[in-house]
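A quick note: this is a predicted structure, and the numbers were derived from the prediction, not measured.
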Amino acid sequence: MITFPNAKINLGLNVVEKRADGYHNIETVFYPINLQDALEVNRLENRSEPFRLCAKGTLLDGAPEDNLVVKAYLLLREKYQLPPVDIHLYKHIPTGAGLGGGSADGAFMIKLLNEKFQIGLTVQEMEEYAARIGADCAFFVRNQPVFATGIGNIFEPVTCTLADYRLVLVKPQNAISTSEAYSRIKPHYPEKSVKEIIRQPVETWKDELRNDFEESVFALYPEIAAIKDKMYDLGAVYASMTGSGSAVYGIFRERIENIDAIFSGYFCRQREMI
C-alpha cells in the first residue's frame, strides 16, 4: 500500500510566550500544499526484525529508529499486533525547511497502517497517536487548514482557501536549526491575531501577516531575505518564510514563467494551491 504525505506552509507565525517546560506557545495557520513524499508499506516476510526501512531521495540523518515513520509503526505495535513491515520512503520534501515533511510522514504512516491492517482507529485516536510522535504531526491526519496554538498541537478549523492561487516554493542550501531559531526570539502577543488576518483578502496580508522568525533568520542569512524580496519583485500577492525556515514561499495569481532559471541553484517548485 502506498500513500503520498504532503507538506504544509505557515500562514503567519507568532511566538507568543515561553512555557515553563522550555517550549514556546505559538499561533499560526497550517495550510497543506501540493508537495509530496512517497511512502509504501508491505509485509516483511521471513525476517526476524520487526521492520526494515529503505529511505531514498533527500538525504536523511540519524538512525532508522529516529525516523518518524518508524516511530509511528513502533508506537502502534506496542498495542496492536502488527506484523513486521518493509517500509519504503522516498523523500521529496526538503528537510530543515519548515515544511513539516517528517511530521507528515509520521502521520501518514499511522493512517496507512490503520487502513492496511484494519486497526479501526478513529480520526481522533489517530490524532492522539500522531501528537505523541511530534507536536504538529496531528495536523496531517485531517490535513485541512487549521489555526494552531499551544506548541503547534491545538487545532481550530479555519475557513481559508487559496485554491485560486499558485505557489512558488524556494529553499536555499541553508538548513535552519529550530532550537537556534527559537533561542533568538523575543516572545510577544501580536496586536492582531493570525486568525483574524487570514479572514481578510490575501492582498492585505503583506502589511499585517508576520512570521516572527524572519527578523533573526534574515539577519543571519541575508540570502533568505533576498528570496522573499524576489518573490515580491515577481508579483507575489504575499510572500513569507515558512516555519522557522529556511524555505520561502510566494502566493501568485498567475503562473511564473522560467521560475527554475530565476531561482537557479535552489530547490524550487511551482504548484497549484490546494
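Around the CD atom of Glu191, the shell of radius 6.0 Å holds no more than 12 heavy atoms that belong to other residues, nucleotides or ligands. Applying the 6.0 Å contact sphere to CD of Gln124 captures no more than 12 heavy atoms from other residues, nucleotides or ligands. Annotation: Glu254, atom CD; neighbour count of heavy atoms from other residues, nucleotides and ligands within 6.0 Å does not exceed 12. Under a cut-off of 6.0 angstrom, the local environment of NZ in Lys230 is sparse, with at most 12 non-hydrogen atoms contributed by other residues, nucleotides or ligands.
At a threshold of 4.5 Å between non-hydrogen side-chain atoms, the residues Asn34 and Glu272 do not count as touching. Side-chain contact between Lys18 and Tyr182 is absent, with no heavy atoms from C-beta onward closer than 4.5 Å. Counting heavy atoms from C-beta outward, Lys8 and Thr242 have side chains that approach closer than 4.5 Å. Considering only heavy atoms from C-beta on, Tyr80 stays 4.5 Å or farther from Leu113 through its side chain. A heavy-atom distance below 4.5 Å is not found between the side chains of Asn114 and Glu125. Contact of the Phe213 side chain with the Ile185 side chain is registered, since non-hydrogen atoms from C-beta on lie closer than 4.5 Å. By the 4.5 Å heavy-atom criterion applied to side chains, Leu209 and Ser240 are not counted as neighbours. With contacts defined as side-chain heavy-atom distances shorter than 4.5 Å, the pair Ile151/Asn25 qualifies.
Closest of all the heavy-atom pairs between Gly243 and Asn211 is O-ND2, 2.9 Å. Taking both residues in full, the closest heavy atoms of Ile259 and Cys268 are given as CG1-SG, 3.7 Å, listed atom of the first, atom of the second, then distance. Nearest heavy-atom pair, Ala219 versus Pro222, reported as atom, atom and distance to 0.1 Å: O-CD, 4.2 Å. In this structure, Val16 and Pro190 approach most closely via the heavy-atom pair CG1-CD, 4.1 Å. Shown here for Ala107 and Cys137, the closest heavy-atom pair between the two residues is CB-O, 3.3 Å. Nearest approach of Pro187 to His24, heavy atoms of both residues: CG-CD2, 3.9 Å.
With sequence neighbours excluded, the residues satisfying side chain to side chain contact (heavy atoms under 4.5 Å, CB included) with Asn6 are Pro32, Gln36, Phe108, Phe140, Asn143. Residues satisfying the side chain to side chain contact (heavy atoms under 4.5 Å, CB included) test with Ile2, not counting sequence neighbours, are Phe4, Glu40. Every residue was checked against the side chain to side chain contact (heavy atoms under 4.5 Å, CB included) condition with Asp207, not counting sequence neighbours, and none meets it. With sequence neighbours left out, the side-chain hydrogen bond (donor to acceptor under 3.5 Å, both in side chains) criterion links Thr161 to no other residue. Asp105 is linked by a salt bridge (Lys or Arg N to Asp or Glu O under 4.0 Å) to Lys91, counting only residues two or more places apart in sequence or in another chain. By the side-chain hydrogen bond (donor to acceptor under 3.5 Å, both in side chains) test, Lys192 is found to be paired with Gln200, Glu208, residues two or more places apart in sequence or in another chain being considered. Every residue two or more places apart in sequence or in another chain was checked for a side-chain hydrogen bond (donor to acceptor under 3.5 Å, both in side chains) with Gln144, and none qualifies. Under the salt bridge (Lys or Arg N to Asp or Glu O under 4.0 Å) criterion, Lys111 pairs with no residue, sequence neighbours left out.
Within the 3.5 Å criterion, the main-chain N or O of Met241 finds a donor-acceptor partner in the side chain of Glu214. Formation of a donor-acceptor pair under 3.5 Å by the Tyr31 side chain with backbone atoms of Met273 is not found in this model. With hydrogens and angles disregarded, a donor-acceptor distance shorter than 3.5 Å links the side chain of Asp212 to the backbone of Val15. Judged by distance alone, with hydrogens and angles left aside, the side-chain atoms of Asp37 form a donor-acceptor pair with the main-chain N or O of His92 at under 3.5 Å. Between the side chain of His188 and the main chain of Lys186, a donor-acceptor pair closer than 3.5 Å is present. Panel note: side chain Ser246, backbone Ala97; no donor-acceptor pair is recorded below 3.5 Å.
With values rounded to the nearest 0.5 angstrom, Arg52 atom CZ is found 4.0 Å from Asp86 atom CG. Distance check, rounded to the nearest 0.5 Å: SG of Cys160 to NZ of Lys195 gives 13.5 Å. The structure places CD1 of Ile198 at 10.0 Å from OG1 of Thr28, a figure rounded to the nearest 0.5 Å. A distance of 8.0 Å separates OG1 in Thr204 from CD1 in Ile197, rounded to the nearest 0.5 Å. We find the CE-OH distance between Met109 and Tyr129 to be 14.5 Å, quoted to the nearest 0.5 Å.
Residues Met126 and Leu82 fall within the same hydrophobic cluster, defined by Ile, Leu, Val, Met, Phe, Trp and Tyr side chains chained together at heavy-atom separations under 4.5 Å. Taking hydrophobic clusters as Ile, Leu, Val, Met, Phe, Trp and Tyr residues chained together by side-chain heavy-atom distances below 4.5 Å, Leu74 shares a cluster with Val41. When the side chains of ILVMFWY residues are joined at heavy-atom separations under 4.5 Å, either directly or via intervening members, Ile93 and Leu112 end up in two distinct hydrophobic clusters. Cluster annotation: Val158 and Val141 are assigned to distinct hydrophobic clusters (Ile/Leu/Val/Met/Phe/Trp/Tyr, side-chain heavy-atom contacts under 4.5 Å, transitive). In the hydrophobic cluster analysis, where Ile, Leu, Val, Met, Phe, Trp and Tyr join through side-chain heavy atoms closer than 4.5 angstrom, Ile251 is grouped apart from Leu234.
Ring planes of Phe139 and Phe30: tilted class, angle from 30 to 60°. Aromatic ring orientation, Tyr238 versus Tyr249: tilted (interplanar angle from 30° to 60°).
Judged by the 6.0 Å distance and 45° axis criteria, Lys206 is positioned over the aromatic ring of Tyr232. Judged by the 6.0 Å distance and 45° axis criteria, Arg269 is positioned over the aromatic ring of Phe267.
Pairs passing the salt bridge (Lys or Arg N to Asp or Glu O under 4.0 Å) check and including a residue from residues 64-82, sequence neighbours excluded, do not occur. For residues 256-268, the pairs satisfying side-chain hydrogen bond (donor to acceptor under 3.5 Å, both in side chains) are Glu223-Tyr266, with sequence neighbours left out.
Through direct or relayed side-chain contacts under 4.5 Å between Ile, Leu, Val, Met, Phe, Trp and Tyr, Ile274 connects to no other residue.
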Hey, mind stepping through Arg184 and Leu220 against side-chain contact (heavy atoms from CB on, under 4.5 Å) and telling me if it holds? CA-CA 11 Å; Arg184 297 175 180 273; Leu220 286 173; 3.3 Å; yes
Evaluate Leu99 against Ile9 for side-chain contact (heavy atoms from CB on, under 4.5 Å), listing each step before the verdict. CA-CA 6 Å; Leu99 294 167; Ile9 55 174; 4.2 Å; yes
Quick one, Arg132 with Glu128, criterion salt bridge (charged side-chain N to carboxylate O under 4.0 Å, His left out). Give me CA distance, side-chain angles, the key distance, then yes/no. CA-CA 7 Å; Arg132 291 171 61 181; Glu128 290 170 356; over 6 Å; no
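For the residue pair Asn14 and Arg210, no side-chain donor N or O sits within less than 3.5 Å of a side-chain acceptor on the partner.
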Give every donor-acceptor pair under 3.5 Å between a side-chain atom in residues 163-175 and any protein atom, sequence neighbours left out.
residue, atom, partner, partner atom, Å
Tyr165, OH, Arg253, NH2, 3.3
Lys171, NZ, Asn174, O, 3.1

